[in-house]
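Structure first, commentary second.
For ligands, and for the atoms within them, numbers begin at 1 and follow the listed sequence. What's counted below: heavy atoms across the whole structure, side chains too, no hydrogens, waters or symmetry copies.
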Amino acid sequence: MSHATPLPVSPLPVSIVARGPLRGDVTLPGDKSISHRALMFASLAVGRSRIEGLLEGEDVLATAAAMRAMGATIERDSDGVWQVDGVGVGGLLQPVQALDMGNSGTSTRLLMGLVASHPITATFIGDASLSSRPMGRVIEPLTQMGADITASPGGRLPLMLRGLTPAVPVEYTLPVASAQVKSAVLLAGLNTPGITRVIEPVPTRDHSERMLAGFGAELTVEEGPDGRIISIRGEAELQPQDIQVPGDPSSAAFWLVAGSIVPGSHITIRNACMNPTRTGLLQVLRMMGADITDTSARTVGGEPVADLVVRHAPLTAIEVPADIAPSMIDEYPILFVAAACATGRTVARGAHELRVKESDRIATMAAALTAIGVSVTEHDDGLSIDGSGGARLPGGAQVASKLDHRIAMSMAVAGLVARAPICIDDANPVATSYPAFFETLDALVRATD
Ligand code: S3P
């Protein structure tokens, strides 16, 4: 399979040692999951949508480039508002080149769903991290719907997907708790005659359902004996929308933990999405004794939103309930840093999925925390961590971010309480979800310098 080779980017080492306290206000970047979906659904509407607060990180820009390659017109105004002229459901065009998904699993899996029911063929490529991630979980239901998919060994990228029109509606029970798989099937269902149904035994983030309904798709959600039943009527006509993207709770997570562990900190985080399928870390930090209040609850873009105020507080180890995993799945790396500073042994298990994220987040965090002097036990499905009881962490080591943005940012936060510098070998991946992360960190520390 021929494809373009991305230009090599030199590693960006970053070194961080104890600083602080952190004080001030944080304006969050737009939510990554919602930003991807806003671009995709606007690209399928008939007419012009406007998107405010879009996350301008590399992952979302990969989605924008792919939608352009399939016919949508997507432009950014000088005031940061994005205008999207959609092609209509069924109207995606044959891309002339491979779709480069970069580091983004969400772009890949959701777009595979979209292409699956269009009469086009697309090749999906990505970076080394994305090319090692399993795509079998979407290949299986999309093949049932009629797509013809040739993947690299192990069901990985690069892969070529030939869509089928009309595709075959399915009723699909998710074998893994994955919003990406759920969304891939629902998006394939958008251009499929009849009703496509996904049964979700364990609830996962529901941004696709909320936003598709907002765009006028006929979508219902019911509680059934085996979980939530999400049904979408295909051959939908989506109406253009004005969308405001709320702030990303997965980005807020770094400040919630930094504010909790760095003595004297007091941070206000504005406009955080408080969708209950995303607030697991907030609940867990509160169980550990964190001092976090939420104020000004409101609705933005069909999603609950609030401002969060975090003050330093001593944390106590807990056993993290396994059933909370889907609502904090991206927050485990930063939770592990909080655990490293708590009093006692934190046990976090039942999170197998961490093995197949941008890196193997169990192994990568075990190696990074061990390197900086934290006592960690690795399990197949999580970590047990002996906390410092609030004392500074030893630090004094280089850690590998493994092309994983959340590892780089988590270890940067660990650096804020390290006696000797922590050097992150490559902080480039931070640009996938939080381009202003280090700038914001500097501003919060400078406020008290
Ligand atoms: C996402 C779903 C989650 C999450 C990812 C974004 C989404 O992945 O980890 O960062 O936008 O649907 P899974 O569906 O694999 O759990």
Would Ala179 count as a polar contact of ligand 1, with the cut-off being nitrogen or oxygen pairs under 3.5 Å? yes

Under 4.0 Å between heavy atoms, the region of Lys182 that gets near ligand 1 turns out to be neither

Which donor-acceptor pairs under 3.5 Å do side chains of residues 59-66 form with protein atoms, sequence neighbours excluded?
from  : atom 1 : to     : atom 2 : distance (Å)
Thr63 : OG1    : His36  : ND1    : 2.8
Thr63 : OG1    : Ser107 : OG     : 2.8

Within reach of ligand 1, part of Arg37 (heavy-atom separation under 4.0 Å): side chain

Just to confirm my output: which protein heavy-atom neighbour is closest to atom 11 (O) of ligand 1, and how far is it? Ser33 OG, 2.7 Å

Do the non-hydrogen side-chain atoms of Arg278 and Ser327 ever get within less than 4.5 Å of each other? no

Atom 4 (C) of ligand 1: the protein heavy-atom neighbour that sits closest, reported with distance to 0.1 Å: Asp330 OD2, 3.3 Å

Sub-4.5 Å side-chain heavy-atom contact between Val305 and Thr299: no

Salt bridge (Lys or Arg N to Asp or Glu O under 4.0 Å): pairs with one or both residues in residues 139-160, sequence neighbours excluded: Asp148-Arg162

Is there a donor-acceptor contact under 3.5 Å from the side chain of Thr268 to the main chain of Asp25? no

Closest to atom 6 (C) of ligand 1 among protein heavy atoms sits Thr106 OG1, 3.4 Å

Atoms in ligand 1 with a heavy atom of Ile329 nearer than 4.0 Å: 9 (O)

Which heavy atom of the protein is the closest neighbour of atom 16 (O) of ligand 1, given with residue, atom name and distance? Lys357 NZ, 3.2 Å

Measure the distance from atom 14 (O) of ligand 1 to every protein heavy atom, then report the residue, atom name and distance (to 0.1 Å) of the closest one. Ser178 OG, 2.7 Å

State whether the side chain of Thr192 and the backbone N or O of Val168 hold a donor-acceptor pair below 3.5 Å, judged by distance alone. no

Parallel, tilted or perpendicular: which fits the ring planes of Phe437 and Trp255, with parallel below 30° and perpendicular above 60°? parallel

Among non-hydrogen protein atoms, atom 1 (C) of ligand 1 lies closest to Gln180 NE2, 3.6 Å

